[in-house]
Protein chains: 2
Amino acid sequence: MIQTEDKHAHVLVSVDVVVLTLVERELNVVLVQRARAPFAGVWALPGGYIHADEDADAKASAARVLRTKAGMEGAYLEQLATFTGPARDPRGWSVAIAYCALIPLESLPTQRADLKVVPVHAVGQLPFDHAQILQAALARVRSKSQYSSLPVHFCGDAFTLPQLQQVYESILGESLNKVSFRRKMDEMQLLEPVPGALQGGGAHRPAQLYRVRPAFRQELALSTRGL
Amino acid sequence: MIQTEDKHAHVLVSVDVVVLTLVERELNVVLVQRARAPFAGVWALPGGYIHADEDADAKASAARVLRTKAGMEGAYLEQLATFTGPARDPRGWSVAIAYCALIPLESLPTQRADLKVVPVHAVGQLPFDHAQILQAALARVRSKSQYSSLPVHFCGDAFTLPQLQQVYESILGESLNKVSFRRKMDEMQLLEPVPGALQGGGAHRPAQLYRVRPAFRQELALSTRGL
DNA sequence: TGAATAGTGTCTTTCAGACATTATTAC
DNA sequence: GTAATAATGTCTGAAAGACACTATTCA
């Protein structure tokens with residue numbers, strides 16, 4: 001490394017992940033108890049340093065943080081924004097590359113004392129600028145849910161259209177027109193029926209089960225005019 | 001700084017800025033000639049290191065880079081995304097916080113030999129991953145122009161509605177319905193007429209001049225259903 | 001007066017939401 | 001059959017686009 005670079009080039013860089021899930025129609029966020037200073041013992045967003053020797057990029061760092069600090073695999077991950085400045089971390093000028101993860105409740109590990117799932121409206125104080133990062137994640141998810149397939153990542157492998165509509169309604173905080181919702185889902189060509197699979201169990205007509213088409217497992221589908 | 005942090009915490013961090021402007025209805029990008037290695041003498045996106053001792057955050061770093069390396073003040077700036085990995089910079093694992101700047105052509109400095117303005121379709125090879133960053137900026141600008149006031153930042157202080165419509169059409173690459181366009185501009189409450197100011201000069205009816213309302217000089221206005 | 005573009009009124013088409021109807025299950 | 005929800009057909013109102021017409025300037 002050339003000497004003249006060192007003056008400015010290197011600042012503290014970490015990744016922080018806002019893991020969101022739906023619990024009883026409410027957005028919840030996953031917090032972990034910090035193992036070390038600063039803020040040892042405090043509940044915070046899962047985060048960690050970039051490991052230049054093993055991470056292919058910051059997204060890989062975020063995935064590794066989820067795996068090692070929250071025992072979580074396979075969540076949908078997208079970069080949110082990067083938060084910077086001298087005040088956000090007591091150790092000095094720092095950079096946090098924030099990611100947003102969406103995961104079905106069933107895929108969260110259970111029985112971990114260092115993990116908790118909290119309704120987003122009931123999250124109290126958070127260390128660093130994690131409250132601001134959480135707000136940015138919520139704004140992003142609510143905004144993208146208006147015109148994209150993002151919310152399917154809160155569902156498991158197979159789900160019914162009424163279930164998916166309820167997921168959208170929970171995120172957007174408003175009820176949606178059933179006919180319009182189905183028209184839009186159809187237009188996006190996001191889903192395919194699971195052949196012969198119906199979800200019964202109630203005293204009523206069973207619903208067709210659907211799954212996300214392979215093309216949209218990693219990519220989002222967009223609807224031109226919203227919803 | 002605690003010893004155990006140093007192993008992972010510090011990686012090379014810079015900001016890169018995609019400065020876009022409209023030249024004769026074409027999106028153009030500002031390139032600067034790099035003064036030093038790596039890629040000394042090569043045309044690239046303006047970029048530089050974060051100065052932890054003087055920058056309030058990465059956005060301030062980006063503004064400083066524009067000021068010092070491109071002689072540019074007052075451009076609209078928004079964070080684009082952060083690009084990371086071991087391969088993007090020959091010096092090793094690095095982080096580039098990319099910003100997107102929009103500026104009217106008239107506000108660009110002239111007569112600078114180390115600056116050039118290139119149509120985005122005619123940009124050749126770029127060093128680092130700057131081609132990818134440029135593509136991300138173009139996708140962002142084109143996408144946001146479909147439903148927001150973003151394109152007004154390509155216009156100067158006062159402009160006519162036909163001029164603004166042409167700016168939108170240039171970015172989106174399609175012609176827009178005049179009546180609908182004006183309805184949308186009206187709904188967004190983005191503009192106010194400059195009292196008594198008309199733009200004449202042609203052999204036809206002169207057009208009313210408008211300016212962006214103060215509330216939207218930094219914030220974007222959004223249109224619910226696009227355009 | 002004619003050519004050119006600005007600005008507006010109005011009709012048509014398209015799309016989203018409301019409502020109603022049929023389908024299928026458990027009891 | 002009755003109750004309950006799934007799934008779909010159809011009508012209505014709102015919004016976007018097409019088109020035409022008026023307004024204002026210069027030559």
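Numbered from 1 within each chain, the chains take letters A, B, ... in sequence-line order. This is a predicted model, so every value here is computed, not measured.
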Should the side chain of Lys178(B) and the base of dG17(D) be counted as holding a donor-acceptor pair, with the cut-off at 3.5 Å? no
Is any N or O donor-acceptor pair between the side chain of Asn177(A) and the base of dA16(C) shorter than 3.5 Å? no
Going by side chain to side chain contact (heavy atoms under 4.5 Å, CB included), Pro46(B) matches just one of Val32(B), Thr68(B), Asp114(B). Which one? Val32(B)
Between atom [atom1] in [X] and atom [atom2] in [N], what is the gap in whole Å?
{"X": "Leu198(B)", "N": "dT25(D)", "atom1": "CG", "atom2": "P", "result": "8 Å"}
{"X": "Gln199(B)", "N": "dT24(D)", "atom1": "CD", "atom2": "C1'", "result": "15 Å"}
{"X": "Leu164(A)", "N": "dA6(D)", "atom1": "CG", "atom2": "C1'", "result": "15 Å"}
{"X": "Phe159(B)", "N": "dA6(C)", "atom1": "CZ", "atom2": "C1'", "result": "16 Å"}
{"X": "Arg183(B)", "N": "dC19(D)", "atom1": "CZ", "atom2": "C1'", "result": "13 Å"}
{"X": "Gln163(B)", "N": "dT5(C)", "atom1": "CD", "atom2": "P", "result": "14 Å"}
{"X": "His204(A)", "N": "dT21(C)", "atom1": "NE2", "atom2": "P", "result": "22 Å"}
{"X": "Leu176(B)", "N": "dA15(D)", "atom1": "CG", "atom2": "P", "result": "19 Å"}

Grab the two heavy atoms, one from Arg88(B) and one from Ala96(B), that are nearest each other, plus how far apart they are. NH2-CB, 3.2 Å
What pair of heavy atoms forms the shortest contact from Phe154(A) to Leu102(A), and how long is it? CZ-CG, 3.5 Å
Just to be sure I understand the rule, does Gly202(B) reach a base, reach only the sugar-phosphate, or reach nothing, if contact means heavy atoms closer than 4.0 Å? sugar-phosphate
Hey, which of these two, Gly201(A) or Val179(A), hits DNA chain C nearer its 5' end, going by closest nucleotide? Val179(A)
Winner on side-chain proximity to Lys184(B), out of dA16(D), dT5(D), dG7(C), is dA16(D)
Among the candidates dG7(C), dA6(D), dA16(C), find the nucleotide nearest to the side-chain atoms of Pro162(A). dA6(D)
Listing, residues 73-83 of chain B side-chain donor-acceptor contacts under 3.5 Å, not counting sequence neighbours, or none:
from, atom 1, to, atom 2, distance (Å)
Tyr76(B), OH, Glu78(B), OE1, 2.6
Glu78(B), OE1, Lys144(B), NZ, 3.4
Glu78(B), OE2, Arg140(B), NH1, 3.0
Glu78(B), OE2, Lys144(B), NZ, 3.1
Gln79(B), OE1, Tyr99(B), OH, 3.4
Thr82(B), OG1, Thr82(A), OG1, 2.5

Could you state the interatomic distance from CG (Leu31(A)) to CG (Leu134(A)), rounded to the nearest 0.5 Å? 8.0 Å
If you compare every side-chain N and O of Arg182(B) against the phosphate oxygens of dG7(C) (OP1, OP2), does one of them come in below 4.0 Å? yes
Whichever of Ala203(A) and Leu161(A) has the more 5' nearest nucleotide on DNA chain D, that residue is Ala203(A)
